[in-house]
Amino acid sequence: MKQRLRQYIEKALQACFDQEELHSGIVPDIGLEVPARAEHGDFSTNVAMAMAREEKKAPRKIAEAIVAALGEGEGMWSRVEIAGPGFINFYLTPRCWFGVLDEIVRQGELFGRTRTGTGRKVQVEFVSANPTGPLHIGHGRGAATGDAVASVLDAAGYEVQREYYLNDAGNQMLTLGRSLLLRYRELLGETVDFPTDCYQGVYIIDLAREVFEREGDRLRDLPEDEALRYFAEYGGGKIRDGIEDDLAAFGVNFDNWYSEQSLYDRQEVERGIALLKERGLTFEKDGALWFRTTDYGDDKDRVLVRSNGATTYFASDVAYHKEKFERGFDTVIDVWGADHHGYVPRMKAVLAGLDRNPEDLQIILVQLVNLLRGGQQVAMSTRSGEFVTLREVIDEVGRDACRFFFLMRRSDSQLDFDLDLAKKQSNENPVYYVQYAHARVCSINRNAEEQGMSIPELGKIDFDCLTLEDELTLAKLLSRYPQVVDGAAENFEPHRIVFYLQELAARFHSYYNKGRVLVDEPEISRARLYLVNCVRTVLHNALVLLGVSAPERM
RNA sequence: GGCCCCGUAGCUCAGUUGGAUAGAGCGGUCGCCUCCUAAGCGAUAGGCCACAGGUUCGAAUCCUGUCGGGGCCGCCA
């Protein structure tokens, strides 16, 4: 719709230049937007004002020339007017708006998919929690956000891969092994002084018990390093499986689980370091090897190889990101907790050092989640092992409410997650509000069917039967959906989908309450049924992007 | 000390990339079920967009500074 209108305006501008009404000969970017107030039309453009400087002419004069050159628009609009300082406002005909309904019916589940990203490969890496403990609520927000960003990009036409980076190398796995081994020895009756730098959570004790029940005391007499390796491997595997299960329960499925250890096994880490060295971007100091990230705007240089010869986590990250681009992605997106924001400059430096545009790496920082119960903040501390797991929250409030709540806010503002509110089955809970709209349409469909009426097919509708203001409003709102998807994809902002859903649901509920869909006149009933099923389709399509279900009854 | 995010209605937050008279939900008040699901709808009250400058035809939006809230600053991962 917007595109078509833009073409008309471009044509009019060209005509003005040809007839020498206007002289600059430059067609600017034509800003077309939906005005905040209905009396300013359906679309409004500020081109005349934008051109004022170039043309050295009053905006309203320019607008007059453009409007004169516009012509009739072949029934697309009923009125064009110049308003305010020089806005050109278009009033589209109802017939034009209701055309979107046929479009929705034609495309069905594909309505809202665009071609914006066609031919571009994007990877979204998210969660990537260390396999040393279960996912907590903070990881849940990252999971919901990353998954929705991936879905939205997919809808916008990008080729998308979802990846989980598994930190299965380094001494954290040894710490996990040691934690388990000590708990195991406790179970065997030994008195153990459990160190503070070991993992404190009760899940460690549970895992140790599992081993004890399977293996008995067989592992007591193994050499220390062998026992550690056993426990690290067993624990890491189990925890990883648990993470995968939790994510599956949350509706999040990864295309790829990428092992950090595999980077070492394939000498990728060495290769990455060697490459930076070759390019003269490294130096030695205090027995360690550093990457001069300050050349690219970081505030400190960073260590790649420690003085004891061990590589840092940053070194494997260099290799990992280098390898990502070698896999052919045009854009790589990392979803991180905001507490890692300090790592952004050094990762951008990695790209610059590899002659890659730093913009090709996009980092989404997801802010903290404050868990509330009864209005009080729930205390959490990973160190002490006291935290609320994602699984517990899913079990308590349900997957739909959980995902919806995580996506209700922009990811760069902190989120209060009110457990009591998320559980409430009432009007205070926005999740049900949206789902209820979908269920209501389904209910209307069931009633129609009982009356022997089926959902009308494409093109079998007389749009002149849709005479209500609310019906036109709904059609306009529906037509906006593909742009909402594009905007959400372009800015990595899935919350835009949430707000759109709430608005669409609100308009539908209002319409529903004002009158009946199924009335005595069959033609009107059919037209309205057609309309509300378009609403249902868009509600469904948008909910799918968020990973929230669209129930047929509630 | 440096860096990142936030500051908009009593509360929680949107704000179409700089547009016209600033929006929603919750909470408050008052109404609506002979009728397709009241998990719903309608009405009403509520604002110095933290503050001060600047940029321009035009600023909640961009720039600078100040104040307030949160977070991060390891040869840990």
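From a predicted model like this one, the values you see are computed outputs, not experimental measurements. Proteins come first, then strands; the chains are lettered A, B, ... in the order of their sequence lines, and each starts at number 1. Computation of the quantities below employed the complete heavy-atom set of this structure, encompassing side-chain atoms and omitting hydrogens, waters and symmetry-equivalent molecules.
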Give [X] one of three labels, base, sugar-phosphate or nothing, depending on what nucleic acid heavy atoms sit under 4.0 Å from its own.
{"X": "T175(A)", "result": "nothing"}
{"X": "H40(A)", "result": "base"}
{"X": "N130(A)", "result": "sugar-phosphate"}
{"X": "A437(A)", "result": "nothing"}

Listed range with range, the stems formed with RNA chain B by at least 3 consecutive Watson-Crick or G-U pairs (under 3.5 Å) are B:1-7 with B:67-73, B:10-13 with B:23-26, B:28-32 with B:40-44, B:50-54 with B:62-66
Whether [X] engages the ring of [Y] as a cation-pi pair (distance to the six-membered ring centre under 6.0 angstrom, angle to the ring normal within 45°) should be assessed.
{"X": "R302(A)", "Y": "F314(A)", "value": "no"}
{"X": "R496(A)", "Y": "F499(A)", "value": "no"}
{"X": "R440(A)", "Y": "Y512(A)", "value": "yes"}

Can you tell me if [X] touches the phosphate of [N], counting only side-chain N or O atoms and a distance under 4.0 Å to OP1 or OP2?
{"X": "S510(A)", "N": "rG42(B)", "value": "yes"}
{"X": "R306(A)", "N": "rC76(B)", "value": "yes"}
{"X": "R409(A)", "N": "rC6(B)", "value": "no"}
{"X": "Y512(A)", "N": "rC33(B)", "value": "no"}
{"X": "S413(A)", "N": "rG7(B)", "value": "no"}

Length of the line joining L365(A):CG and rC6(B):C1', which is rounded to integer Å: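 Taking CG of L365(A) and C1' of rC6(B), I get 13 Å after rounding.
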Can you tell me whether the side chain of [X] and the base of [N] have a donor-acceptor pair closer than 3.5 Å?
{"X": "H341(A)", "N": "rC3(B)", "result": "yes"}
{"X": "D339(A)", "N": "rG71(B)", "result": "no"}
{"X": "N89(A)", "N": "rA20(B)", "result": "yes"}

Nucleotide nearest [X] when distance is taken to its side chain, options [options]:
{"X": "R440(A)", "options": "rG40(B), rG71(B), rA77(B)", "value": "rG40(B)"}
{"X": "H509(A)", "options": "rC75(B), rA20(B), rC41(B)", "value": "rC41(B)"}
{"X": "N46(A)", "options": "rC13(B), rG40(B), rG19(B)", "value": "rG19(B)"}
{"X": "V517(A)", "options": "rC36(B), rG71(B), rG40(B)", "value": "rC36(B)"}
{"X": "T312(A)", "options": "rA20(B), rA77(B), rG40(B)", "value": "rA77(B)"}
{"X": "F87(A)", "options": "rC75(B), rG19(B), rA77(B)", "value": "rG19(B)"}

**Message:** As a test of the definition: with a 90° window around 0 for syn, would you call rC33(B) syn or anti?
**Reply:**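 Syn, since the glycosidic angle lies within 90° of 0.
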Judged by whether its glycosidic angle lies within 90° of 0, rU17(B) is syn
SB check [X] [Y] (cutoff 4.0 Å):
{"X": "K324(A)", "Y": "D334(A)", "result": "yes"}
{"X": "R526(A)", "Y": "E523(A)", "result": "yes"}
{"X": "K476(A)", "Y": "D42(A)", "result": "yes"}

Is a side-chain donor-acceptor pair under 3.5 Å present for Q377(A) with N370(A)?
yes
Between the protein and nucleotides 15-17 of chain B, which nitrogen or oxygen pairs are less than 3.5 angstrom apart?
| residue | atom | partner | partner atom | Å |
| --- | --- | --- | --- | --- |
| rG15(B) | OP1 | H495(A) | NE2 | 3.3 |
| rU16(B) | N3 | V34(A) | O | 3.4 |
| rU17(B) | OP2 | E33(A) | OE1 | 3.4 |
| rU17(B) | O4 | N491(A) | OD1 | 2.2 |
| rU17(B) | O4 | N491(A) | ND2 | 2.0 |

Between Y296(A) and A352(A), the two heavy atoms sitting closest are CD2-CB, 3.3 Å
Which whole number of Å gives the distance between the P atom of rG74(B) and that of rC11(B)?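 One P to the other, the span is 37 Å.
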Using ring-ring contact (aromatic ring centres under 6.0 Å, His included) as the criterion, list what pairs up with F87(A), not counting sequence neighbours.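 Scan of F87(A) (ring-ring contact (aromatic ring centres under 6.0 Å, His included), adjacent residues dropped) gives none.
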